[in-house]
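Heads up, the thing below is written out as structure tokens.
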Amino acid sequence: MIVCVAVVGHQNNPLYIQSFTEEDDALKLHHIVHCSLDVVDERVNNPKKSGPTLNETFLGLLYPTENYKVYGYLTNTKVKFILVTTDLDVRDADVRNFFRRFHAAYVDAVSNPFHVPGKKITSKTFAERVSTIVKSFGLSSAG
């Protein structure tokens, strides 16, 4: 189950963070997202030490915690997508598909002429699309 998704700007400023749990966990999930930015920077700045090449946008599993797994995705404009899940047996194909759909929703949201680049994403349509994508996560592989 996905518990948090985030969009972080190229200067590590949060553009969108949505948690899908109780309010008690929201602060902890924001902290996990913030900590994952160090791992993203390390992988981007030291490509020889980690698996993905510079052309690969999917960063894979950033790090596991006791209760969560954190995945990352980096766009061509250095905007980072972070996914926090409680599932311990997530397939990379499902996560890649999630990020592909999430990226498409993000592109649609920032293509809005009323959106100011670099500012928080406040679009209700984007939030609804994200909720739909999160609810459908992993269902394609269940059948």
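Excluded from the calculations below are hydrogen atoms, water molecules and symmetry mates; all remaining heavy atoms, backbone and side chain alike, are included. If you're wondering where the values come from, they're calculated on a predicted model, not measured in any experiment.
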- [ ] Consider only side-chain heavy atoms of I, L, V, M, F, W and Y, link residues closer than 4.5 Å, and tell whether Ile17 and Val40 are in one cluster.
- [x] no

Open item on the list: Using the side chain to side chain contact (heavy atoms under 4.5 Å, CB included) criterion, which residues pair with Thr86? Sequence neighbours excluded.
Closed with: Met1, Val3, Tyr68

TODO: Of all the heavy-atom pairs spanning Cys35 and Tyr63, show the shortest one and how long it is.
DONE: CB-OH, 3.8 Å

Open item on the list: Would you compute the distance between atom CD1 of Ile133 and atom CZ of Arg100 and round it to the nearest 0.5 angstrom?
Closed with: 12.0 Å

Open item on the list: Once rounded to the nearest 0.5 Å, what's the spacing between atom CG of Leu83 and atom OH of Tyr71?
Closed with: 8.0 Å

- [ ] Answer yes if Val8 and Val44 sit in the same cluster of Ile, Leu, Val, Met, Phe, Trp and Tyr residues linked by side chain heavy atoms under 4.5 Å apart, and no otherwise.
- [x] yes

TODO: Can you sort out the partners of His30 under side-chain hydrogen bond (donor to acceptor under 3.5 Å, both in side chains), two or more places apart, ordered by chain and number?
DONE: none

Open item on the list: Please check: side-chain N/O of Asn45 versus main-chain N/O of Asp41, any donor-acceptor pairing under 3.5 Å?
Closed with: yes

- [ ] Report yes if some heavy atom in the side chain of Phe81 is under 4.5 Å from a heavy atom in the side chain of Leu74; otherwise report no.
- [x] no

TODO: Looking only at non-hydrogen atoms, find the nearest pair between Ser131 and Phe20 and report the distance.
DONE: OG-CE2, 4.0 Å

Task: Exercise: identify the closest heavy-atom pair between Gly60 and Arg43 - done: C-NH1, 4.3 Å

Give the table of side-chain donor-acceptor pairs shorter than 3.5 Å for residues 102-120, with sequence neighbours excluded, one pair per line with atom names and distance.
residue, atom, partner, partner atom, Å
His103, ND1, Tyr73, OH, 2.9
Asp108, OD2, Arg129, NH1, 2.5
Ser111, OG, Val107, O, 2.6
Asn112, OD1, Phe114, N, 2.9

- [ ] Starting at OG1 of Thr21, measure out to NZ of Lys28 and round the result to the nearest 0.5 Å.
- [x] 8.0 Å

Task: Closest non-hydrogen atom pair, Ile82 against Gly72 - done: CD1-CA, 4.5 Å

- [ ] With sequence neighbours excluded, tell me which residues meet side-chain hydrogen bond (donor to acceptor under 3.5 Å, both in side chains) with Thr75.
- [x] Thr77

Task: Residue list, side chain to side chain contact (heavy atoms under 4.5 Å, CB included) with Lys135, at least two apart or on another chain - done: none

Task: Student check: side-chain heavy atoms of Lys80 and Asn12 closer than 4.5 Å - done: yes

Task: Minimum-distance pair of heavy atoms, taken over all atoms of Leu62 and Val39 - done: O-CG1, 3.6 Å

- [ ] For Asp87, check side-chain hydrogen bond (donor to acceptor under 3.5 Å, both in side chains) against everything at least two apart and list the hits.
- [x] none

Task: Min side-chain heavy-atom separation Ile2-Phe98 under 4.5 Å - done: yes

Task: Nearest heavy atoms of Cys4 and Val33, plus distance in Å - done: SG-CG2, 3.9 Å

Task: Close side-chain approach of Asn97 to Phe137, heavy-atom, < 4.5 Å - done: no

TODO: Find out whether Phe58 and Val95 are in side-chain contact, i.e. whether some heavy atom of one side chain is under 4.5 Å from a heavy atom of the other.
DONE: yes

Task: Side-chain heavy-atom pair Lys69, Leu61 within 4.5 angstrom cut-off - done: yes

TODO: With the side chain counted from C-beta on, respond yes when Ser123 and Glu128 share a heavy-atom pair under 4.5 Å apart, and no when they do not.
DONE: no

